[in-house]
Amino acid sequence: MNSAILSAMRVLDDTERWAARAKSDMAHLSGRTPVALRRIFSEWFLVSAPMAESVTGASRAAIQRNLAWMEESGLIREVTGQGRFRIWTLEN
């Protein structure tokens, strides 16, 4: 049980560090989509574009543009290795 608790605490610490880094890196981006995506990635381990679109209410184009920027900036990484039905997670 102690091991599981320590693992969970490490995940939470990593997520907190990621959120601070993402906030700093994304400060120059305008609009509500970058902030909403940062929040989603802080709350969910895996995120798809349709999920992000549904949760934020942003357009598919805005989500795709911001996900691409976040991936290029090293904030997130794509984990499925596919061209369709892609899913991203935090890059720590």
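Reckoned from all heavy atoms, side chains included, excluding hydrogens, waters and symmetry mates.
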Colleague: Which pair of heavy atoms, one from Ala49 and one from Ile63, lies closest together, and at what distance?
Modeller: O-CG2, 4.0 Å
Colleague: I'd like to know if the side chain of Glu78 and the backbone of Thr80 have a donor-acceptor N/O pair within less than 3.5 Å.
Modeller: yes
Colleague: What distance do Ser54 atom OG and Arg60 atom CZ have between them, rounded to the nearest 0.5 Å?
Modeller: 10.5 Å
Colleague: Can you tell me how far CZ of Arg77 sits from CG of Leu90, rounded to the nearest 0.5 angstrom?
Modeller: 9.0 Å
Colleague: Treating Ile, Leu, Val, Met, Phe, Trp and Tyr as nodes and any side-chain heavy-atom pair under 4.5 angstrom as an edge, say whether Phe45 and Ile76 lie in one connected cluster.
Modeller: no
Colleague: Tell me the side-chain hydrogen bond (donor to acceptor under 3.5 Å, both in side chains) pairs involving residues 82-92, sequence neighbours left out?
Modeller: Glu71-Trp88
Colleague: How long is the gap from CG on Leu12 to OG on Ser42, to the nearest 0.5 Å?
Modeller: 11.0 Å
Colleague: Apply the side-chain contact (heavy atoms from CB on, under 4.5 Å) test between Phe41 and each candidate in Leu75, Leu67, Leu46, Thr15; give the one that qualifies.
Modeller: Leu67
Colleague: Might you point out which heavy atoms bring Ala52 and Val47 nearest each other, and give the distance in Å?
Modeller: CB-CG1, 4.1 Å
Colleague: Any Lys/Arg nitrogen of Asp13 or Arg10 sitting under 4.0 Å from an Asp/Glu carboxylate oxygen of the other?
Modeller: no
Colleague: Provide the full list of side-chain hydrogen bond (donor to acceptor under 3.5 Å, both in side chains) pairs with a residue in residues 18-40, sequence neighbours left out, each pair given once.
Modeller: none
Colleague: Apply side chain to side chain contact (heavy atoms under 4.5 Å, CB included) to residues Met70 and Leu37 and explain how you reach the verdict.
Modeller: CA-CA 9 Å; Met70 291 174 78; Leu37 280 174; 4.1 Å; yes
Colleague: Answer yes or no: does atom CH2 of Trp69 have more than 12 heavy-atom neighbours from other residues, nucleotides or ligands under 6.0 Å?
Modeller: yes
Colleague: State the CD1-OG distance between Ile40 and Ser48, to the nearest 0.5 angstrom.
Modeller: 9.5 Å
